[in-house]
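These notes concern the structure reproduced below.
Numbers restart at 1 for each chain; the letters A, B, ... are given by sequence-line order, proteins then strands. Just the heavy atoms: all of them, side chains too, but no hydrogens, waters or symmetry mates, feed the values below.
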There are 2 protein chains.
Amino acid sequence: MDEKSRIPRPTAKRLTLYFRQIRTLAAAGRKTINSRQLGAALGLTGAQVRKDLACFGQFGHPGVGYQIPSLHEQLRQLLGRDRTWNAVLVGAGNIGRALLSYDRFSSEDFRIVAVCDADPSLVGSEWGGREVLAMDRIESAVHEHDAKLGIIAVPDHAAQQVADLLVEAGIEGILNFSPRRLDVDETVSISSVDFTRSLEQLAFQISFGVSGTEEDE
Amino acid sequence: MDEKSRIPRPTAKRLTLYFRQIRTLAAAGRKTINSRQLGAALGLTGAQVRKDLACFGQFGHPGVGYQIPSLHEQLRQLLGRDRTWNAVLVGAGNIGRALLSYDRFSSEDFRIVAVCDADPSLVGSEWGGREVLAMDRIESAVHEHDAKLGIIAVPDHAAQQVADLLVEAGIEGILNFSPRRLDVDETVSISSVDFTRSLEQLAFQISFGVSGTEEDE
DNA sequence: TTTTGTGAAACGCTTCACAGCG
DNA sequence: CGCTGTGAAGCGTTTCACAAAA
């Protein structure tokens, strides 16, 4: 009942999975689901699901399960999905351009509102309908669009420098595609997507024969 | 001393980080490092580093630390990085094309040796110097290049189907860029790169104000 | 000295099991 | 009945702290 009590990190990570599942079920018009069914779809136990959801209040109904429309709306607000998240992308290389073409980033949930790059030959060109801006335009872009998110898709050696610029511009969260560990102020959230590391992990698992085949999720 | 004893999952995940750091130090010509220094560079404690490395034998020298060249070579073999890993990429869309242009996948460590796509209008075209093959060529491509890795970069709804094809072709590890949970044989390793989820996580952390800002690593 | 390798303690998360509610 | 919410037990990982080695 105490909404302020600390949320276990693993629970926080699973919340997005619950939301996806519930959103799909809601769209399909289903009305209720119990903890065991919800967990089974995600490879989790019923107890796990109940413990996780109980962190945020009493959503369930004994003997029935969870009301899907209600749970959907509660999770939506909890996860901050009741608004649009604007993001500034830094780096118009291979990865950056792929992200610009990715329709998920032009949705009403998440939107890339500006692109910056250090390469003068790219500045002024257009990708995915957005003009590439110079690096010194990061701050103005963040303010102009009230962007809360920054996406780093630059070469490794420039990652920390770009992170500093984004933080200084007032960004609150960074999605980092570089393999570098970023050192930023504690108030800024970071989520790293290091697929080089994922690959390296695979190579290890195969050659060493580590038992468990799946990863955290 | 018992090389067969089970390795904790978190330890396995950190191994690649140690290797990267040691490789850099080795290239710089440094000879020794102690556990505290190695850990500090990665945001870990000295005790953590020692426990992790001790899983694989007695690498360190009391009063001195770890010999970098020797540790580098040991980790290299342990992680299977003493050979080239060939991968078959499935999906020549935005993400797939970005991966093809990514020089890390044309290195001597990891190499994309073939590209397949279901879209007939893409088959036969060339991306990053590689011809796009039809889906029914997956199996022959895997065998021809002795590929151990498969990379899934197709639309969500096709992910499981492609995974089945890859497993049937004899692939041993899958790098999955779709947000779908793949159901495969236990002997196949899976590593997922779900940056949509990373984004969603960021949105939650910012709007809810979750304390810890960093993630697992 | 310095620093490793390692039992033992501490911690955090998951699973169990059941009281209580519909 | 069926199912939730939750204290308590169980389990895996991290941290501590120190004997032993150089």
(message) I want to check one thing: is the phosphate of D/dC11, taken as OP1 and OP2, less than 4.0 Å away from some side-chain N or O of B/R6?
(response) no
(request) Determine, step by step, whether A/R104 and B/D156 satisfy the salt bridge (Lys or Arg N to Asp or Glu O under 4.0 Å) criterion, reporting the C-alpha distance in whole Å, the side-chain angles of both residues, the deciding distance to 0.1 Å, and the verdict. (result) CA-CA 12 Å; A/R104 200 70 219 308; B/D156 304 3; over 6 Å; no
(request) To the nearest Å, give me how far apart CG (B/L53) and P (C/dT6) are. (result) 12 Å
(message) For DNA chain D, which residues of residues 64-77 of chain B approach it to below 4.0 angstrom with any heavy atom?
(response) none
(request) Can you tell me the distance, in whole Å, between the CZ atom of B/R36 and the C1' atom of D/dT14? (result) 18 Å
(message) Looking at B/Q161, I'd like to know if its CD atom is crowded, meaning that more than 12 non-hydrogen atoms belonging to other residues, nucleotides or ligands lie closer than 6.0 Å.
(response) no
(request) Start with the C-alpha gap between B/K148 and B/D146, add the side-chain angles, then the distance that decides, and say whether salt bridge (Lys or Arg N to Asp or Glu O under 4.0 Å) holds. (result) CA-CA 6 Å; B/K148 295 273 184 287; B/D146 191 31; 3.0 Å; yes
(request) Find the distance A/L44:CG to C/dC16:P and express it as a whole number of Å. (result) 14 Å
(message) Please confirm whether the shortest side-chain N or O distance from A/Q37 to OP1 or OP2 of D/dC3 is below 4.0 Å.
(response) no
(message) Closest approach to the side chain of B/P10, judged atom by atom: which nucleotide of C/dT4, D/dT14, D/dC3 is it?
(response) D/dT14
(request) Applying side chain to side chain contact (heavy atoms under 4.5 Å, CB included), run through A/H72 and A/Y66 and close with a yes or a no. (result) CA-CA 10 Å; A/H72 180 231; A/Y66 297 87; over 6 Å; no
(message) In this structure, how many angstroms lie between the C1' atom of C/dT2 and the CD1 atom of B/I33, rounded?
(response) 15 Å
(request) Please check the phosphate of C/dT4 (OP1 and OP2 only) for any side-chain N or O of B/R50 closer than 4.0 Å. (result) yes
(request) To the nearest Å, give me how far apart NZ (B/K31) and P (C/dT3) are. (result) 19 Å
(message) Assess, by modelled atom type and distance only, whether the side chains of B/E73 and B/Q77 contain a donor and an acceptor separated by less than 3.5 Å.
(response) yes
(request) Apply side chain to side chain contact (heavy atoms under 4.5 Å, CB included) to B/Q21 and B/L17, showing your working. (result) CA-CA 6 Å; B/Q21 194 67 25; B/L17 297 179; over 6 Å; no
(request) Output the single nucleotide from D/dT14, C/dG20, D/dT13 whose closest atom is nearest the side chain of A/P62. (result) C/dG20
(message) Would you say the ring centers of A/Y102 and B/F195 fall short of 6.0 Å from each other?
(response) yes
(message) Side-chain N or O of A/S35 versus OP1/OP2 of D/dC3: is the shortest distance under 4.0 Å?
(response) no
(request) Please tell me which of B/G60 and A/G63 maps to the more 5' nucleotide of DNA chain C, matching each residue to the nucleotide holding its nearest heavy atom. (result) B/G60
(request) Please report, rounded to the nearest Å, how far the C1' atom of C/dC21 is from the CZ atom of A/F59. (result) 18 Å
Pairs: protein N or O with nucleotides 7-10 of chain D N or O, under 3.5 Å:
unit_1 : atom_1 : unit_2 : atom_2 : d
D/dG7  : O6     : A/K51  : NZ     : 3.0
D/dA8  : N6     : A/K51  : NZ     : 3.3

(message) With a 6.0 Å cut-off (strictly less than), is the heavy-atom count around CZ of A/R36, excluding the residue itself, greater than 12?
(response) no
(message) Output the rounded distance in Å from CD (A/Q58) to P (C/dA19).
(response) 18 Å
(request) Take B/Y18 and B/F59, measure what ring-ring contact (aromatic ring centres under 6.0 Å, His included) needs, and give me the verdict at the end. (result) CA-CA 13 Å; B/Y18 297 140; B/F59 295 151; over 10 Å; no
(request) Look only at the side chain of B/R14 and the backbone of B/L44, and say whether a donor-acceptor pair between them is shorter than 3.5 Å. (result) no
(request) Give a yes/no on whether any side-chain N or O of B/Q48 is located under 4.0 angstrom from OP1 or OP2 of D/dT14. (result) yes
(message) Please report the distance, rounded to the nearest Å, between CG in A/D52 and P in C/dT14.
(response) 7 Å
